[in-house]
Participant: 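Take this structure first; my questions come after.
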Amino acid sequence: IDPLTVGELISLQEAAEYAGLTKASLNDYIKRGRLKAKKIGRFWVTTRAAVDEYLQSRSYENIPKKYRPESS
């Protein structure tokens, strides 16, 4: 299921507030293909489902073992 089809579209500012991140960070994640979003006119929009999917991808279990910090 494409997260951009789930729920209403929100602005990057709303998405940043929802995720507790900066709008600039979200722009960077969009450029890197990590956050699904689409451009309408001059503005990027996404959904809470897409933000949730991105945040889930950052969870510890999804970080490859070689990149995980060693626990002491």
Side-chain angles (χ1 to χ4, degrees):
I1 298 175
D2 182 355
L4 286 178
T5 63
V6 179
E8 65 178 296
L9 294 173
I10 58 174
S11 70
L12 278 196
Q13 184 60 46
E14 290 173 286
E17 290 168 11
Y18 174 71
L21 298 166
T22 65
K23 192 174 164 187
S25 293
L26 295 185
N27 263 319
D28 188 46
Y29 301 142
I30 291 167
K31 286 178 190 163
R32 293 181 191 202
R34 306 252 339 258
L35 173 63
K36 292 185 180 173
K38 63 182 174 182
K39 206 166 192 179
I40 297 180
R42 302 182 316 149
F43 303 101
W44 284 98
V45 293
T46 189
T47 60
R48 285 185 172 81
V51 174
D52 289 340
E53 184 179 273
Y54 165 71
L55 293 173
Q56 179 62 36
S57 78
R58 291 181 12 165
S59 71
Y60 186 78
E61 298 80 39
N62 290 326
I63 299 172
K65 285 190 172 135
K66 67 181 183 177
Y67 295 117
R68 290 182 189 173
E70 292 184 36
S71 51
S72 38

Participant: For the residue pair L55 and L21, establish whether any side-chain heavy-atom pair is separated by less than 4.5 Å.
Facilitator: yes
Participant: Can you give me the closest heavy-atom contact between A15 and T46, atom names plus distance?
Facilitator: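 Looking at all heavy atoms of both residues, the closest pair is CB-CG2, 3.7 Å.
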Participant: Using the test salt bridge (charged side-chain N to carboxylate O under 4.0 Å, His left out), find all partners of R58 that sit at least two apart in sequence or belong to another chain.
Facilitator: none
Participant: Sorted by first residue and then second, give each ring-ring contact (aromatic ring centres under 6.0 Å, His included) pair with at least one member in residues 11-36; sequence neighbours left out.
Facilitator: Y29-Y54
Participant: For residues 36-45, pull every pair meeting side-chain hydrogen bond (donor to acceptor under 3.5 Å, both in side chains), keeping only residues two or more places apart or in separate chains.
Facilitator: none
Participant: Please name all residues satisfying side chain to side chain donor-acceptor pair (under 3.5 Å) with S25, sequence neighbours left out, ordered by chain then number.
Facilitator: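 Partners of S25 by the side chain to side chain donor-acceptor pair (under 3.5 Å) criterion, ordered by chain and then number, come out as T22.
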Participant: What residues form a side-chain contact (heavy atoms from CB on, under 4.5 Å) with R32, not counting sequence neighbours?
Facilitator: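 side-chain contact (heavy atoms from CB on, under 4.5 Å) list for R32, sorted by chain: D28, R34.
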Participant: Please report, to 0.1 Å, the donor-acceptor pairs under 3.5 Å made by any side chain of residues 1-14, with sequence neighbours excluded.
Facilitator:
from	atom 1	to	atom 2	distance (Å)
D2	OD1	L4	N	2.9
T5	OG1	D2	O	2.6
S11	OG	Q13	N	3.4
S11	OG	E14	N	3.1
S11	OG	E14	OE1	3.2
Q13	NE2	E17	OE2	3.1
E14	OE1	S11	N	3.0

Participant: If the condition is salt bridge (charged side-chain N to carboxylate O under 4.0 Å, His left out), which residues does D52 pass it with, not counting sequence neighbours?
Facilitator: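 Partners of D52 by the salt bridge (charged side-chain N to carboxylate O under 4.0 Å, His left out) criterion come out as none, since no residue qualifies.
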